[in-house]
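Data block below; observations after.
Ligands are counted one by one from 1 in listed order, and the atoms in each one are counted from 1 as well. FYI, side chains are in, hydrogens and waters are out, and symmetry mates aren't considered; it's all heavy atoms of this structure.
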Amino acid sequence: MAMKGDQVAKFVTFEGGEGSGKTTQIRLAAEWLRERGIPVLATAEPGGTPLGQKIREILLNRGAWTIGAEAELLLFAAARAQHVRETILPALAANQWVLCDRFADATFAYQGFGRGLDAKFVKSLNAFSSLSLVPDRTLLFDLSPEIGLARAKRRVTGLRPEAAEDRFEQEERAFHERIRKGYLTLAAAEPDRFRIIAAAGDLDTVRGEVRDQLECLF
Ligand code: Z5A
């Protein structure tokens, strides 16, 4: 599809449980948008800035230290605040589309629904740490934890070898079921923003669904 010069940049987040295929599809979507002449920044949380990368190492490395639910929440929030200020807002201001692998909904799903932290507090911390930025569209990659965790186990994480299965992948099955339910609850509450992607499909089918959803934003 030919793009117009007056295209307004969009902020699109990719959410879902472990191994749902977000990272793979962000890469494909970014390539596809670039081929259409659309400037794109593909980024991820936690991460996306030097501070965010440090926080990511602290959060995801297995076994080296204990992190309680409250500290975990605040670390994700700190990474996000820096990410929005240093990376996301400048990219949008430069009229670049931003595709982000996880954002504030992940905090709701994992620390709120998953860890059971107070929903009202998580909501207000999310607004603070996002500098009130809300995605134009959120693609929720919905998949049973059974399939997702099996996929995630086969993937290379890029962390040190002994951390190949990170802190979140070690959680019990019920935790991952709560995450899935939490995401679906968030999607039901904001149907204008969320689109649910059937992530159990093969790579090409999912890629097609993602493209259809992005085209709706042109
Ligand atoms: N977290 C949190 O608790 N609170 C927060 O606020 C935030 C995050 C922001 C980040 O880890 C962790 O932080 C995350 C939530 C928590 N929990 N975990 N783990 P991460 O960034 O390292 O990982 P992730 O975000 O969960 O992504 P992932 O596990 O890497 O999965 P993915 O990105 O959704 O999937 P993928 O890497 O694209 O694919 C996984 C494998 O499946 C890979 O081998 C692919 O080749 C394969 N794949 C992909 N698509 C398909 C299809 N369609 N069919 C078959 N196989 C496929």
Check your understanding: Looking at ligand 1, does any of its N/O atoms fall within less than 3.5 Å of an N/O of A152?
Key -> no
Check your understanding: Any idea which heavy atoms bring V8 and W97 closest together, and the distance?
Key -> O-NE1, 3.8 Å
Exercise for review: From the options T23, L75, L143, L60, select the one whose nearest heavy atom is closest to atom 12 (C) of ligand 1.
Suggested key: L60
**Study point:** Heavy-atom nearest option to atom 13 (O) of ligand 1, drawn from F14, F76, Y110
**Key:** F76
**Study point:** Atom indices of ligand 1 within 4.0 angstrom of T24 heavy atoms, with elements
**Key:** 36 (P), 38 (O), 39 (O), 45 (C), 49 (C)
Review point. Taking all non-hydrogen atoms of both residues, which atom of T24 and which atom of L203 are closest, and how far apart?
Key: CG2-CD1, 3.8 Å
Review point. With distance as the sole test, does N95 use its side chain to make a donor-acceptor pair with the main-chain N or O of A9 at under 3.5 Å?
Key: yes
Revision key, fill the gap. Cluster membership besides I147, Ile/Leu/Val/Met/Phe/Trp/Tyr side chains within less than 4.5 angstrom, sorted by chain and number, is L143
Exercise for review: Consider ligand 1: state whether an atom of it lies below 4.0 angstrom from any non-hydrogen atom of A44.
Suggested key: no
Check your understanding: Is a side-chain N or O of R102 found less than 3.5 angstrom from the main chain of K22, in a donor-acceptor match?
Key -> no
**Study point:** Closest to atom 57 (C) of ligand 1 among K22, R27, R151 (heavy-atom distance)
**Key:** R151
**Study point:** Donor on one side chain, acceptor on other, T43 and T87, under 3.5 Å
**Key:** no
Check your understanding: Using a heavy-atom cut-off of under 4.0 Å, does the side chain or the backbone of Q111 touch ligand 1, or both, or neither?
Key -> side chain
Practice item. Pull out every atom of ligand 1 sitting under 4.0 Å from any heavy atom of S20, numbered as shown with elements. Key: 32 (P), 34 (O), 35 (O)
Check your understanding: Is the shortest heavy-atom distance from the side chain of L140 to the side chain of L184 under 4.5 Å?
Key -> yes
Review point. For ligand 1, which atoms sit closer than 4.0 Å to a heavy atom of T107?
Key: 5 (C), 6 (O)
Revision key, fill the gap. So for E72 against ligand 1, with non-hydrogen atoms under 4.0 Å, the contacting part is neither
Review point. Short list, please: which atoms of ligand 1 are under 4.0 Å from a heavy atom of R80?
Key: 6 (O), 9 (C)
Exercise for review: Would you check the N or O atoms of G21, main chain and side chain alike, for any that come under 3.5 Å of an N or O of ligand 1?
Suggested key: yes
Study note, to complete from the structure: With sequence neighbours left out, the residues meeting side chain to side chain donor-acceptor pair (under 3.5 Å) with T23 are D101
Practice item. Run the numbers for me: atoms of ligand 1, each under 4.0 Å from some heavy atom of L203, listed by number. Key: 53 (N)
Review point. Is the closest heavy atom of G16 to ligand 1 under 4.0 Å?
Key: no
Exercise for review: Check the hydrophobic clustering (I, L, V, M, F, W, Y; side-chain heavy atoms under 4.5 Å; chains of links allowed) and say if Y183 and V122 are grouped together.
Suggested key: yes
Review point. Is it the side chain, the backbone, both or neither of R56 that has a heavy atom closer than 4.0 Å to ligand 1?
Key: side chain
Review point. Numbering the atoms of ligand 1 from 1, which are under 4.0 Å from a heavy atom of G201?
Key: 52 (C), 53 (N), 54 (N)
Check your understanding: Is there a heavy atom of G114 sitting under 4.0 angstrom from any atom of ligand 1?
Key -> no
Exercise for review: Before accepting this row, confirm whether a basic side-chain N of the pair R80/E45 lies closer than 4.0 Å to the acidic partner's carboxylate O.
Suggested key: yes
Study note, to complete from the structure: ligand 1 atoms nearer than 4.0 angstrom to some heavy atom of E45 are 9 (C)
Check your understanding: Going hydrophobic residue to hydrophobic residue with side-chain gaps under 4.5 angstrom, can you get from F76 over to F103?
Key -> no
